[in-house]
Peer 1: 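Please find one structure pasted underneath; my questions will follow.
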Amino acid sequence: MNECPHVPELPVPEPEPRYDTCPECLSADSHPVQLRLCLSCGHIGCCDSSPFQHATEHFKETGHPVMRSFEPGETWRWCYVDQMIV
């Protein structure tokens, strides 16, 4: 996987997930398609295939650059700033 300048800035260990699912989807009575974990703060958001794209909205609101898949068996990470898997 590629590295970006944001990866070394991430907290170690990674933050604990703050939720089990996307809280914004729960509030909107929507079903998240896939979940993402913010590696800066532990927020859980739904992916861009979900109707509301809460993980991307979290990035736009906070500037937290890197999320990882919160799906079982997946460990890939995405940097929103550099637009690449890291």
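FYI, the numbering just counts along the sequence from 1.
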Peer 1: Hey, are the side chains of Arg36 and Ser69 touching, using non-hydrogen atoms and a 4.5 Å cut-off?
Peer 2: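 The answer is yes, as the side chains (C-beta and beyond) meet within the 4.5 Å cut-off.
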
Peer 1: So if you build clusters from Ile, Leu, Val, Met, Phe, Trp, Tyr with side-chain heavy-atom gaps below 4.5 Å, do Ile85 and Tyr80 land together?
Peer 2: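 Yes, because Ile85 and Tyr80 connect within a single hydrophobic cluster, where side-chain heavy atoms sit under 4.5 Å apart.
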
Peer 1: To the nearest 0.5 angstrom, please state how far the SG atom of Cys79 sits from the CE atom of Met67.
Peer 2: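 Rounded to the nearest 0.5 Å, the SG-CE separation comes to 11.0 Å.
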
Peer 1: Determine the minimum heavy-atom distance between Leu37 and Pro17, stating which atoms define it.
Peer 2: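 For Leu37 and Pro17, the tightest heavy-atom pair comes out as CD1-CA, 3.9 Å.
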
Peer 1: Which atom names give the shortest non-hydrogen contact between Ser49 and Val33, and what distance separates them?
Peer 2: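 Shortest heavy-atom separation between Ser49 and Val33 comes out as O-CG2, 3.4 Å.
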
Peer 1: Does the side chain of Cys47 reach to within under 4.5 Å of the side chain of Pro32, using non-hydrogen atoms?
Peer 2: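 SC-SC contact between Cys47 and Pro32 ruled out.
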
Peer 1: With heavy-atom distances below 4.5 Å as the criterion, would you say the side chains of Arg77 and Val7 are in contact?
Peer 2: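 They are in contact (side-chain heavy atoms under 4.5 Å apart), so the answer is yes.
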
Peer 1: As an exercise, state the distance from OH of Tyr19 to CZ of Phe70, rounded to the nearest 0.5 Å.
Peer 2: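 Result: 12.0 Å between the selected atoms.
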
Peer 1: Testing the basics here: between Asp48 and Gln53, what is the closest heavy-atom pair and its distance to 0.1 Å?
Peer 2: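 Scanning both residues, the minimum pair turns out to be O-NE2, 3.1 Å.
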
Peer 1: Please report the closest heavy-atom contact between Pro11 and Ser40, naming both atoms and the distance.
Peer 2: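 Pro11 and Ser40 have their closest heavy atoms at CG-O, 4.0 Å.
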
Peer 1: Could you give me the CA-CA distance, side-chain angles and deciding distance for Glu61 and His54, then say whether side chain to side chain donor-acceptor pair (under 3.5 Å) is met?
Peer 2: CA-CA 10 Å; Glu61 292 172 7; His54 291 121; over 6 Å; no

Peer 1: Walk me through whether Glu74 and Arg68 qualify under salt bridge (Lys or Arg N to Asp or Glu O under 4.0 Å).
Peer 2: CA-CA 8 Å; Glu74 294 183 3; Arg68 80 159 169 81; over 6 Å; no

Peer 1: Does any part of the side chain of Glu24, heavy atoms only, come nearer than 4.5 Å to the side chain of His58, both counted from C-beta?
Peer 2: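 In short, these two side chains do not touch, never coming nearer than 4.5 Å.
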
Peer 1: Is there a side-chain contact between Cys46 and Gln34, using heavy atoms and a 4.5 Å cut-off?
Peer 2: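 Contact flag for Cys46/Gln34 side chains = no.
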
Peer 1: Taking the side chain as every heavy atom from C-beta outward, state whether His6 and Asp82 have any pair of such atoms under 4.5 Å apart.
Peer 2: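 They are in side-chain contact.
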
Peer 1: If you draw a 6.0 Å radius around CD in Gln83, do more than 12 non-hydrogen atoms from other residues or ligands fall strictly inside?
Peer 2: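 Yes.
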
Peer 1: Where do Ser30 and Pro51 come nearest, in terms of heavy atoms and distance?
Peer 2: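 The pair with the smallest heavy-atom distance is OG-CG, 3.9 Å.
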
Peer 1: Can you get from Met84 to Leu10 by hopping between Ile, Leu, Val, Met, Phe, Trp and Tyr side chains that sit under 4.5 Å apart?
Peer 2: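 Hydrophobic grouping puts Met84 with Leu10.
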
Peer 1: Could you check whether any side-chain N or O of Ser27 sits under 3.5 Å from a backbone N or O of Pro23, counting only pairs where one atom can act as donor and the other as acceptor?
Peer 2: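 Indeed, once roles are kept as given, a pair shorter than 3.5 Å links the two residues.
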
Peer 1: Hydrophobic clustering (ILVMFWY, side-chain heavy atoms < 4.5 Å, transitive) - are Leu26 and Ile44 grouped together?
Peer 2: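 No: no chain of side-chain contacts under 4.5 Å links Ile44 to Leu26.
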
Peer 1: I'd like to know if Phe52 and Leu35 are part of one continuous hydrophobic network [Ile/Leu/Val/Met/Phe/Trp/Tyr, side-chain heavy atoms within less than 4.5 Å].
Peer 2: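 Hydrophobic grouping puts Leu35 apart from Phe52.
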
Peer 1: Would a single hydrophobic cluster contain both Val81 and Trp76, if residues Ile, Leu, Val, Met, Phe, Trp and Tyr are joined by side-chain heavy-atom contacts under 4.5 Å?
Peer 2: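 Yes.
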
